[in-house]
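Read the numbers this way: they start at 1 and go in the same order the structure lists the ligands and their atoms. The structure presented is a predicted model; accordingly, all values stated were derived computationally and were not measured. In what follows, every heavy atom counts, from backbone to side chain, and hydrogens, waters and symmetry copies are set aside.
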Amino acid sequence: HGQLSPTFYDSTCPNASNIVRGIIAAALKTDARIGGSLIRLHFHDCFVNGCDGSLLLNNSATIQSEKEAPPNNNSARGFGVVDNIKTALETACPATVSCADILAIAAEESVSLAGGPSWNVSLGRRDSTTANRTAAGLFLPGPTEALPSLKAKFLAVGLNSTDLVALSGAHTFGRAQCSSFINRLYNFSGSGNPDPTLNTTYLSTLQGICPQNGNTTVVTNLDLTTPDVFDNKYFSNLQVQEGLLQSDQELFSTTGDETVAIVNNFTANQTAFFANFVVSMIKMGNISPLTGTAGEIRLNCGKVNNSTGSDGLLYSSM
Ligand code: HEM
Ligand SMILES: [Ca+2]
Ligand SMILES: [Ca+2]
């Protein structure tokens, strides 16, 4: 594929990153989890047909939106903030910055604003004219998947076990719904008992938040220790059996797996976590981008250009 470059918009939209950062900073004032929501959009975009903005397209006569695939439906969020960013960038530099690049920049700025590392984001992705709901259902990992299956889904897009552990560290911030972890609380794998790798005190807390037959859309923090800070507490939580999702805890509780030592390293050394996280984010951001003249620069992240006319108006993608 064509090369992405951190200097791609230096002459055409030199303020792009600052504009993105400003809008996320404003959104954070009323929505503490928006940074987590935005980095997850970049992940869910890149794993399905590459980092091409496919996730952002709404249903239309020709598009079956990925937003309605099971891993995203009633779960992926932050689309309104992406639209606000796009509107601001269209004012500053019309028809220049792709929606796929907006997600990549927003991921980095979200991590940085939460106290995590900063890095030079590779840019120059272009936007797809198609989406693939079926692929989103097949290729995105689920919270009840076992470690071999998680590894296979990452390997399928060129990401190794270190990338899997480092990128899972994004669960250092953001929230999850009871529906994403209730399988661990009462009847784990048909055992009639909770997941034995769940700390019993934490189990009681989670059972209080997610009672049997209760509302499974209630959310709780992915990182109980520092819920809104981008740090390495996610990994120390795993060592005391306080990972929220089964897919989190498996990284540490799968005895004998190479991922255990990686968790231990990231717990002991936040600098090592940050350095690996940056490398892995850049790798993830490089998954099959559209470059050069492929695809387009969407004017509205929710719609393919000119799909209903050429009036040049921006439509809400909410
Ligand atoms: C290893 C496989 C992964 C699985 C199985 C997984 C699964 C999930 C699930 C089930 C949720 C909660 C969704 C809900 O309840 O609505 C979630 C949230 C989240 N995920 Fe992951 N995830 C994985 C990897 C990643 C990666 C690689 C990133 C980013 C680099 C990421 C970032 C996030 C963030 C920040 C949230 C919170 C979003 C919010 O508050 O809106 N996850 N993930
Ligand atoms: Ca995509
Ligand atoms: Ca944290």
Query raised in the report: Hey, does the Lys NZ or Arg CZ of Lys67 hover above the aromatic six-ring of Phe79, less than 6.0 Å from the centre and inside 45° of the axis?
Result: yes
Requested in this report: Check step by step if side chain to side chain contact (heavy atoms under 4.5 Å, CB included) holds for Ile262 and Phe235.
Outcome: CA-CA 9 Å; Ile262 305 169; Phe235 297 105; over 6 Å; no
**Report entry** Metal environment of the Ca ion (ligand 3), protein N/O/S under 3.0 Å
**Finding:** Thr172 O, Thr172 OG1, Asp223 OD2, Thr226 O, Thr226 OG1, Val229 O, Asp231 OD1
Query raised in the report: What's the shortest heavy-atom distance between Ile19 and Ala88, and which atoms?
Result: CG2-CB, 3.7 Å
Query raised in the report: Ion pair present between Lys151 and Glu145, side-chain N to carboxylate O less than 4.0 angstrom?
Result: no
**Report entry** Test: Arg126 and Asp101 ion pair at under 4.0 Å
**Finding:** no
Query raised in the report: By side-chain contact (heavy atoms from CB on, under 4.5 Å), which residues pair with Thr7, not counting sequence neighbours?
Result: Ser5, Asp10
Report summary line: Residue shell for ligand 1, any heavy atom closer than 4.0 Å, reads Arg33, Gly36, Ser37, Ile39, Arg40, Phe43, Ser75, Arg77, Pro141, Gly142, Pro143, Phe154, Leu164, Leu167, Ser168, Ala170, His171, Phe173, Gly174, Arg175, Ala176, Gln177, Ser180, Leu222, Leu245, Ser247
Report task. Step by step, work out the side chain to side chain contact (heavy atoms under 4.5 Å, CB included) result for Ser37 and Phe173. Result -> CA-CA 9 Å; Ser37 304; Phe173 65 174; over 6 Å; no
**Report entry** Test: Asp163 and Lys283 ion pair at under 4.0 Å
**Finding:** yes
Query raised in the report: Passes side chain to side chain contact (heavy atoms under 4.5 Å, CB included), Leu251 versus Leu164? Steps please.
Result: CA-CA 9 Å; Leu251 301 175; Leu164 168 64; 4.0 Å; yes
Query - Other residues, nucleotides, ligands: >12 heavy atoms within 6.0 Å of Asn269 CG - result: yes
Query raised in the report: What protein N/O/S atoms sit under 3.0 Å from the Ca ion (ligand 2), by chain and number?
Result: Asp45 O, Asp45 OD1, Val48 O, Gly50 O, Asp52 OD1, Ser54 OG
Requested in this report: Give a yes or no on whether a salt bridge exists between Asp31 and Arg77, defined as a side-chain N under 4.0 angstrom from a carboxylate O.
Outcome: yes
Query - Short side-chain donor-acceptor distance under 3.5 Å, Glu68 and Asn59 - result: yes
Requested in this report: Would you please indicate if the ring centroids of Phe230 and Phe277 are separated by under 6.0 Å?
Outcome: yes
